[in-house]
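Notes to accompany the following structure.
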Amino acid sequence: MSTNSPLPASDVPKIRIRSCNSVGLNADGRFVLYWMTAFRRANWNFALDRAVDWAKHLQKPLVVVESLGCGSRWASARHHRFAMQGMAENARQFAQGPVYYHPYLETIAGEARDFFAALAHSACLVVTDDYPLPSDLDPEPWAADLPIQLEKVDGNGILPMNAAEKAFETAYAFRRFLQSHLREHLLDFPKANPFSRLKIPLLKRLPTEIASRWKPAKIAALVEKKCTLGYLPIDRSVESVELHGGIKAASAALTRFLRHRLPIYREKRGDAAKDASSGLSPYLHFGHISSHEIFRALARREAWTPDRLAEKASGRREGWWGMSQPSEAFLDELITWRELGYNFCRHRYDYASFDSLPDWAIKTLKKHAKDMRKYVYSFDGFESAATHDPLWNAAQRQLTRAGTIHNYLRMLWGKKILEWTAGPREAAEIMIELNNKYALDGGDPNSYSGIFWVLGRYDRPWGPERPIFGTVRYMSSTNAARKMRVAEYIESYS
Ligand SMILES: Cc1cc2nc3c(=O)[nH]c(=O)nc-3n(C[C@H](O)[C@H](O)[C@H](O)COP(=O)(O)OP(=O)(O)OC[C@H]3O[C@@H](n4cnc5c(N)ncnc54)[C@H](O)[C@@H]3O)c2cc1C
């Protein structure tokens, strides 16, 4: 066993790589292990690129283990099926390279750790995904006991998470930061095809003592609709939805969006009656598509080059990229808003707590916490869509049945939970539970951005001061009704 292993020449920017222990690599190991937990894709993936670099450098086989845990609070048939559809596609993709791919489904909460430990004993080193939310598949907490080097690689977004040293409190401040710092990172892209001309030895099977105990999941059979996933200890009452997971479905959704919806994105994104947004959030959440792939496709469409970037950071939403208005509006969501949430979760361990709100929001919500509420519903009342408001109930039913709600209605959905709950802390808890249990993109840093935006995060005080909300921004169902064909929507989710 050697220590302090030198980094191989790598195209992966150093700022995205984090060493989690001080142990060196095991030169006698049988393979390089990529323990995939978040960036579930065989392309456009810095963590995969890094593992490939190590395998090339050591001339060892590469083992990719994509793991899906069953111990998370919101593990359900809906989320599992979507992730497993991605695994089935990944199995096809990895078969095209000199890579041993092992889809792993945890069947008893916590057993992943034993599998990981067994693999680590045979590996030269481990590369894994650096995701800003805690996960019980994350090997970092186990790093102290590891006999070999563990590296985490950040493939979350266009701005490396380590480029910002603090959490930003407003989208404006973060946008200004991006406009000053993003330029250099726009030159670093993960590989679209990491296996091109790759020459490394291929591992045919895992060592017998591992393979006999932890068999690869029979993914192709498991993704069949008729398979109930009955043997998994997950919530099967949250059923799978029509939307299909995986990198192929994600790329197809991107192509459809760029062709048909992008032109109306800026004007119609807020219109719940129009399908103007990309629908990419579940794919981004499961790591089936990377923002780099999306950005590259958009830039190609615009025949864009970095010399079109504005010199000065103004913090304004449009004008910095030098792209068309719809593309700039889309990039503001994809990069500013999405990565703002990642930035917050990376720096604030209290990201899911009421006390993480800005002081003005805490103060005004506390002041109005005991205000009379005309309606107060319990968690069950909300979950079963049994409120007095047909529009809200329809949005809740869309969430439980389809795993999604249009962004505009999602904001209204949250604001009404605040209005009809005994207090703002309870409102936060109910939103977190419902969103993360049912939304296909739930359990993401942006779940917490959206939910806490409802309570004032990233926002400013708005007058007039009102009951319950204080100066937190208010939204009314009547206004929403004016903006969309409500009757039709309510009818489709009756
Ligand atoms: C109460 C509430 C809960 C939310 N929960 C989630 C969640 O669980 N997961 C989630 O990804 N988003 C969440 N959002 C943010 C937003 O609603 C979704 O990201 C967006 O509707 C996804 O649809 P799209 O992919 O078509 O977005 P598009 O408009 O096509 O945008 C492209 C991408 O940009 C990002 N994005 C867009 N809008 C936002 C936003 N407001 N904040 C942060 N990132 C954004 C998403 O990654 C999205 O996929 C929530 C918002 C609210 C108000």
Side-chain angles (χ1 to χ4, degrees), residues 74 78-79 82 132-133 156-158 168 170-171 174-175 243 250 253-254 256-258 260-262 264-272 274-291 293-295 297-298 317 326-345 351-352 382 392 395-396 398-399 402-419 427-459 472-473 475 480:
W74 297 293
R78 175 168 301 173
H79 295 102
F82 194 82
L133 292 186
N156 293 289
I158 308 279
F168 285 84
T170 64
F174 186 58
R175 195 180 291 112
L243 196 69
L254 172 62
R256 271 196 310 276
F257 169 67
L258 294 179
H260 306 298
R261 300 181 186 175
L262 180 65
I264 55 164
Y265 182 82
R266 183 167 171 269
E267 273 73 40
K268 300 292 180 197
R269 176 177 184 259
D271 184 344
K274 294 264 183 311
D275 253 345
S277 75
S278 68
L280 287 171
S281 60
Y283 299 111
L284 282 160
H285 170 62
F286 280 92
H288 293 165
I289 197 163
S290 90
S291 25
E293 180 179 357
I294 302 173
F295 181 82
L298 191 69
R317 249 184 254 175
S327 293
E328 297 223 347
F330 178 66
L331 288 179
D332 199 51
E333 301 300 338
L334 178 74
I335 302 182
T336 310
W337 279 98
R338 178 171 179 272
E339 299 193 16
L340 180 62
Y342 281 69
N343 161 269
F344 199 90
C345 292
Y351 61 86
F382 284 117
W392 192 93
Q396 172 63 19
Q398 186 182 8
L399 179 64
T404 176
I405 318 184
H406 185 278
N407 182 54
Y408 180 79
L409 284 177
R410 208 169 193 178
M411 296 192 281
L412 184 73
W413 173 87
K415 291 286 182 186
K416 295 296 135 185
I417 294 179
L418 171 60
E419 194 174 336
E429 280 163 22
I430 289 172
M431 280 189 277
I432 291 172
E433 187 60 29
L434 290 178
N435 186 82
N436 292 355
K437 182 172 174 183
Y438 291 108
L440 211 42
D441 60 9
D444 191 89
N446 286 317
S447 314
Y448 299 96
S449 293
I451 288 163
F452 285 90
W453 172 85
V454 166
L455 303 167
R457 184 184 290 170
Y458 304 136
D459 214 351
V472 166
R473 187 198 297 243
M475 282 175 78

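Note that ligands are numbered from 1 as they come in the structure, with each ligand's atoms numbered from 1 the same way.
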Within the 4.0 Å heavy-atom cut-off, what Phe330 brings close to ligand 1 is side chain
Mark up the atoms of ligand 1 that fall under 4.0 Å of a heavy atom belonging to Ser277, in ascending order.
24 (P), 26 (O), 28 (P), 29 (O), 30 (O)
Going by atom types alone, do Arg261 and Tyr265 pair a side-chain donor with an acceptor below 3.5 Å?
no
Which atoms from ligand 1 have a heavy atom of Ser281 less than 4.0 Å away?
11 (O), 22 (C), 23 (O), 25 (O), 49 (O)
Does ligand 1 have an atom that lies less than 4.0 angstrom from a heavy atom of His285?
no
Answer yes or no: does an N/O atom from Leu280 fall short of 3.5 Å to an N/O atom of ligand 1?
yes
Can you figure out which of Ala171, Ser278, Ala253 has its heavy atom closest to atom 27 (O) of ligand 1?
Ser278
Atoms of ligand 1 under 4.0 Å from any heavy atom of Met411, numbered from 1 in the order shown, are 53 (C)
Using every non-hydrogen atom in the two residues, find where Leu133 and Gly443 come nearest and quote the distance to one decimal.
CD1-O, 3.3 Å
ring-ring contact (aromatic ring centres under 6.0 Å, His included) partners of Phe168, counting only residues at least two apart
Phe174, Phe177
Could an N or O of ligand 1 be found under 3.5 Å from any N or O of Asn436, whether backbone or side chain?
no
So, Trp392 versus Phe382, ring centres under 6.0 angstrom or not?
yes
Given Gly450, Gly157, Gly279, which one has a non-hydrogen atom that is nearest to atom 51 (C) of ligand 1?
Gly450
Please state which option from Asn407, Asp441, Leu262 has its nearest heavy atom closest to atom 21 (O) of ligand 1.
Asn407
Atom 12 (N) of ligand 1: of Leu331, Asn446, Asp444, Ile294, the nearest heavy atom sits on Asn446
Heavy-atom contacts under 4.0 Å between Ser447 and ligand 1: side chain, backbone, both, or neither?
both
For ligand 1, is Gly341 a contact, meaning one of its heavy atoms is under 4.0 Å away?
no
Please report the closest heavy-atom contact between Ser327 and Leu298, naming both atoms and the distance.
OG-CD1, 3.6 Å
Donor-acceptor pair between Tyr448 and Asn436 side chains, under 3.5 angstrom
yes
For Tyr283, ring-ring contact (aromatic ring centres under 6.0 Å, His included) partners two or more places apart:
Phe82
Would you please indicate if the ring centroids of Phe452 and Phe344 are separated by under 6.0 Å?
no
Suppose I only count heavy atoms of Asn435 and a 4.0 Å limit; which atoms of ligand 1 are within that range?
3 (C), 4 (C), 5 (N), 7 (C), 8 (O)
Taking atom types as modelled, is there a side-chain donor on Arg338 or Asn156 under 3.5 Å from an acceptor on the other?
no
